[in-house]
Amino acid sequence: MARKAGKVWRDHGALEFRECFADDVPVGKWTSFPRSVKLKRGETIAFAWIVYKSRAHRDRVNAMVMKDKRLAKMMNPKTLPFDGKRMIFGGFKLLVEA
């Protein structure tokens, strides 16, 4: 699913598409990845990000991706292999590049 989605995003102009599984994400005392998604026993956290030229570029790419027929079957909330209601997403502006 991630490989297919990554190809679709890249085909529409995304610069990078990365998806990872948790490897070292301990439960924090006040907050952490596990706490943020109410992680249940037997689950793991997936973390993904996509790189764009700008926010305007992101908006154009995402609009095309959402209309892409290759993803239509995968976008059904009833057949997703994860709980989309526990998904966290947003945009970030680059602060430091070293």
Pairs involving residues 82-98, ordered by first then second residue, that meet side chain to side chain donor-acceptor pair (under 3.5 Å) (sequence neighbours left out)
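Side chain to side chain donor-acceptor pair (under 3.5 Å) check on residues 82-98 returns Glu43-Arg86.
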Atom [atom1] in [X], atom [atom2] in [Y]: separation rounded to 0.5 Å?
{"X": "Ile45", "Y": "Cys20", "atom1": "CD1", "atom2": "SG", "result": "12.0 Å"}
{"X": "Leu71", "Y": "Lys73", "atom1": "CG", "atom2": "NZ", "result": "13.0 Å"}
{"X": "Arg58", "Y": "Phe92", "atom1": "CZ", "atom2": "CZ", "result": "10.5 Å"}

Can you name the residues that form a side chain to side chain contact (heavy atoms under 4.5 Å, CB included) with [X], not counting sequence neighbours?
{"X": "Lys67", "value": "none"}
{"X": "Asp23", "value": "none"}
{"X": "Ala63", "value": "none"}
{"X": "Met1", "value": "Met74, Leu80, Pro81, Phe82"}

So which pairs with a foot in residues 17-38 pass ring pair (Phe, Tyr, Trp, His ring centres under 6.0 Å), sequence neighbours left out?
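Qualifying pairs, neighbours excluded: Trp9-Phe17, Phe33-Phe47.
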Please give me the minimum heavy-atom distance between Val27 and Ser32, naming the atom from each residue.
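It is CA-OG, 3.6 Å.
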Could you tell me which non-hydrogen atom of Val25 sits nearest to which non-hydrogen atom of Pro34, and how far apart they are?
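In terms of heavy atoms, the two residues are closest at O-CG, 3.3 Å.
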So if you build clusters from Ile, Leu, Val, Met, Phe, Trp, Tyr with side-chain heavy-atom gaps below 4.5 Å, do [X] and [Y] land together?
{"X": "Val51", "Y": "Val61", "answer": "no"}
{"X": "Met66", "Y": "Tyr52", "answer": "yes"}
{"X": "Met87", "Y": "Met75", "answer": "yes"}

Connected hydrophobic set around Leu95, excluding itself, where side chains approach under 4.5 Å:
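Leu95 clusters with Val96.
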Any salt bridge (charged side-chain N to carboxylate O under 4.0 Å, His left out) involving residues 26-41? Give me the pairs, sequence neighbours left out, ordered by first then second residue.
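Pairs touching residues 26-41 that pass the test: none.
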Going by the salt bridge (charged side-chain N to carboxylate O under 4.0 Å, His left out) test, which pairs reach into residues 2-17, not counting sequence neighbours?
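As it turns out, the salt bridge (charged side-chain N to carboxylate O under 4.0 Å, His left out) pairs with a partner in residues 2-17, which skip direct neighbours, are Lys7-Asp11, Asp11-Arg70, Glu16-Arg18.
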Under the side chain to side chain donor-acceptor pair (under 3.5 Å) test, which residues partner His57, sequence neighbours left out?
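Checked His57 against side chain to side chain donor-acceptor pair (under 3.5 Å); zero matches.
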